[in-house]
Amino acid sequence: MAQVAAASARASSSSSAASPSSATRPKFVSTSSTIPLANACADIAGRVDSYLATTPASESADIAELRQRTKERVRESLRVISEALRRYSIDELAISFNGGKDCLVMLVLLLGSLHYHSSQFPPQRIHTVYVHSLNAFPEVDAFVNDCATLYSLDLIRLATPMKAAFQKFLDAKPHIEAIMVGTRRTDPNGADLTYFDETDHGWPKFTRVHPVIDWHYAEVWHFLRELDIKYCILYDLGYTSLGGTTDTHPNPALLMESGLDSTGEQSFKPAYVLTDDDKERWGRNA
């Protein structure tokens with residue numbers, strides 16, 4: 001666990017419904033059990049530290065390069081999170097979590113960081129806002145609920161536009177000064193963001209923290225799979241960017257060569273097979 005601790009210490013010192021058909025959609029079954037947040041943080045910190053310390057003896061040059069890049073992203077994200085915990089108490093800090101892969105990486109790294117800040121910041125639960133579509137996938141809702149149980153998220157669910165949702169969240173929790181979000185630079189409006197940005201004029205006032213802003217798509221999936229982190233089941237059905245049921249489809253770049261499965265339904269490779277950032281949102285309506 002020394003490498004996670006070291007990263008923390010260094011920072012502190014310095015158009016039709018796109019839902020799968022009922023015949024093909026797997027049923028999401030929650031397997032969560034409530035565990036203390038401190039235990040979850042310790043478990044995640046151990047996984048992160050093991051990942052950072054491990055270099056497989058034999059793997060392809062491409063995977064070795066991906067692993068090295070991802071380790072660099074992890075260390076930088078840990079520094080950003082540690083700086084956020086230096087600036088704000090854990091009661092002044094919240095996360096925006098919608099069950100997607102990017103904010104899942106952010107959550108995992110926050111949990112790992114909290115393990116090393118537990119004496120200074122002993123939270124019981126993590127302030128969390130879940131802003132979702134009126135047409136949210138039931139699989140996404142189920143996964144968010146699962147994470148709330150697994151990781152002690154104090155979850156407020158809001159099915160309103162983002163600006164109004166953040167205002168309602170801050171009205172309910174006026175002590176919040178900063179919100180961590182899982183935006184990446186390849187996302188819409190993400191190109192010019194920094195690690196810490198004040199909200200734009202006309203928005204509710206808080207600091208946006210972007211720990212995973214510089215991550216790439218392949219790095220996100222490499223990290224989640226290497227740490228064996230549970231993710232939303234829709235990603236295994238070819239979805240690569242999650243919105244609502246009316247604007248999100250399996251990514252056509254992942255369509256199986258055969259095209260159809262044994263039931264005659266279209267069949268797609270899992271999201272982690274994709275490697276190109278530019279194709280990530282091919283399953284989202286323009």
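Just so it is clear, the values below take in all heavy atoms, side chains as well, and ignore hydrogens, waters and symmetry mates.
- For the residue pair His127/Asp91, the side-chain donor-acceptor check at 3.5 Å is satisfied.
- Side-chain contact between Leu114 and Leu85 is present, with heavy atoms from C-beta onward closer than 4.5 Å.
- In terms of heavy-atom proximity, Trp221 sits nearest to Ala271 at CZ2-CB, 3.8 Å.
- Nearest heavy atom pair, residue Ser241 against residue Arg284, reads OG-NH1, 2.7 Å.
- You'll find the side chain of Tyr217 stays beyond 4.5 Å of the side chain of Lys279, heavy atoms only.
- Thr186 contributes no side-chain N or O that, together with a main-chain N or O of Asp277, makes up a donor-acceptor pair within less than 3.5 Å.
- The cluster map of Ile, Leu, Val, Met, Phe, Trp and Tyr, joined by side-chain heavy atoms under 4.5 Å apart, puts Tyr239 and Val273 in the same cluster.
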Could you walk me through whether Thr207 and Glu177 satisfy the side chain to side chain contact (heavy atoms under 4.5 Å, CB included) test, starting with their C-alpha distance in whole Å, then the side-chain angles of each, then the deciding distance to 0.1 Å, before giving a yes or no?
CA-CA 6 Å; Thr207 300; Glu177 295 189 14; over 6 Å; no
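- Listed by first then second residue, pairs satisfying side chain to side chain donor-acceptor pair (under 3.5 Å) with a partner in residues 158-170 read Gln167-Asp171, not counting sequence neighbours.
- Take Glu280 and apply the salt bridge (Lys or Arg N to Asp or Glu O under 4.0 Å) test, not counting sequence neighbours, and it matches Lys101, Arg184.
- If you check the side chains of Arg125 and Ser152, you find no donor sitting under 3.5 Å from an acceptor.
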Evaluation steps, side chain to side chain contact (heavy atoms under 4.5 Å, CB included), between His210 and Thr194:
CA-CA 7 Å; His210 305 112; Thr194 67; 5.6 Å; no
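- In this structure, Tyr88 and Ala178 approach most closely via the heavy-atom pair CE1-CB, 3.6 Å.
- In the hydrophobic clustering, Val181 connects to Val129, Val131, Ile156, Leu158, Met162, Phe166, Phe169, Leu170, Ile176, Ile179, Trp203, Phe206, either directly or through intervening members, whenever side-chain heavy atoms lie under 4.5 Å apart.
- Judged as a side-chain contact (heavy atoms from CB on, under 4.5 Å), and not counting sequence neighbours, the contacts of Pro252 are Trp282.
- The salt bridge (Lys or Arg N to Asp or Glu O under 4.0 Å) check on Glu65 picks up Arg69, with sequence neighbours excluded.
- Under 3.5 Å, the side chains of His222 and Tyr51 contain a donor-acceptor pair of N or O atoms.
- Leu66 forms part of no hydrophobic cluster, judged by ILVMFWY side-chain heavy-atom separations under 4.5 Å.
- The shortest heavy-atom contact between Thr199 and Pro204 is OG1-O, 2.7 Å.
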Quick one: do Tyr272 and Arg225 satisfy side chain to side chain contact (heavy atoms under 4.5 Å, CB included)? Show the steps, please.
CA-CA 9 Å; Tyr272 55 77; Arg225 298 186 74 218; 3.4 Å; yes
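- Asn39 contributes no side-chain N or O that, together with a main-chain N or O of Pro36, makes up a donor-acceptor pair within less than 3.5 Å.
- Taking CG of Asn145 as the reference point, atom CG of Leu153 lies at 10.0 Å (rounded to 0.5 Å).
- Asp236 and Tyr231 form a side-chain donor-acceptor contact under 3.5 Å, judged by distance and modelled atom types alone.
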Side chain to side chain contact (heavy atoms under 4.5 Å, CB included) assessment of Tyr151 paired with Leu107
CA-CA 9 Å; Tyr151 304 128; Leu107 172 60; 3.7 Å; yes
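- For the pair Val212 and Phe223, the minimum side-chain heavy-atom distance is 4.5 Å or more.
- Salt bridge Asp200/Lys205: absent, no basic N to carboxylate O contact under 4.0 Å.
- Aromatic ring orientation, Tyr130 versus His132: tilted (interplanar angle from 30° to 60°).
- Here the OG-CG distance, from Ser133 to Leu242, works out to 11.5 Å after rounding to the nearest 0.5 Å.
- Between Arg185 and Asp214 there is a salt bridge, with a side-chain nitrogen of the basic residue lying less than 4.0 Å from a carboxylate oxygen of the acidic one.
- The salt bridge (Lys or Arg N to Asp or Glu O under 4.0 Å) contacts involving residues 147-161 comprise Asp141-Arg157, Asp154-Lys173, where partners must be two or more places apart or lie in separate chains.
- Within the 4.5 Å cutoff, the side chain of Met180 has heavy atoms near those of the Pro211 side chain.
- For the pair His249 (side chain) and Gly283 (backbone), a donor-acceptor distance under 3.5 Å is absent.
- When the side-chain contact (heavy atoms from CB on, under 4.5 Å) test is applied to Cys103, the partners found at least two apart in sequence or on another chain are Phe97, Asn98, Met106.
- At a threshold of 4.5 Å between non-hydrogen side-chain atoms, the residues Gln266 and Leu255 count as touching.
- The side-chain contact (heavy atoms from CB on, under 4.5 Å) search around Asn189 returns none, not counting sequence neighbours.
- Minimum heavy-atom separation, Ile213 to Tyr195: CG2-CE2, 3.5 Å.
- Side-chain atoms of Asn135 do not come within 3.5 Å of backbone N or O of Thr245 as any donor-acceptor pair.
- Sorted pairs that involve residues 187-197 and meet salt bridge (Lys or Arg N to Asp or Glu O under 4.0 Å), not counting sequence neighbours, are lacking altogether.
- Under the 4.0 Å criterion applied to side-chain N and carboxylate O atoms, Glu83 and Arg79 are not assigned as salt-bridge partners.
- Side-chain atoms of Asp102 do not come within 3.5 Å of backbone N or O of Val220 as any donor-acceptor pair.
- Residues satisfying the salt bridge (Lys or Arg N to Asp or Glu O under 4.0 Å) criterion with Asp276, sequence neighbours excluded, are absent altogether.
- Taken to the nearest 0.5 Å, the OH atom of Tyr116 stands 11.0 Å off from the OG atom of Ser82.
- Inter-residue side-chain proximity for Leu111 and Ile126 is flagged as met; some heavy-atom pair is nearer than 4.5 Å.
- Taking 4.5 Å as the limit, some side-chain heavy atom of Arg208 sits within range of a side-chain heavy atom of Leu193.
- The salt bridge (Lys or Arg N to Asp or Glu O under 4.0 Å) contacts involving residues 54-63 comprise Glu59-Arg67, where partners must be two or more places apart or lie in separate chains.
- In this structure, Cys147 SG and Leu150 CG are separated by 6.5 Å, a value rounded to the nearest 0.5 Å.
- To the nearest 0.5 angstrom, Leu109 atom CG is 5.0 Å from Ile81 atom CD1.
- Atoms CG and CG, on Leu78 and Leu52 in that order, are 7.0 Å from each other to the nearest 0.5 Å.
- Contact annotation: the side chain of Phe137 approaches that of Leu234 to within less than 4.5 Å [non-hydrogen atoms, C-beta and beyond].
- Under the 4.5 Å side-chain heavy-atom criterion for Ile, Leu, Val, Met, Phe, Trp and Tyr, Phe196 and Trp215 are members of the same hydrophobic cluster.
- Taking each heavy atom of Thr183 and Gly190 in turn, the nearest pair found is CG2-CA, 4.2 Å.
- A donor-acceptor contact shorter than 3.5 Å links the side chain of Glu219 to the backbone of His216.
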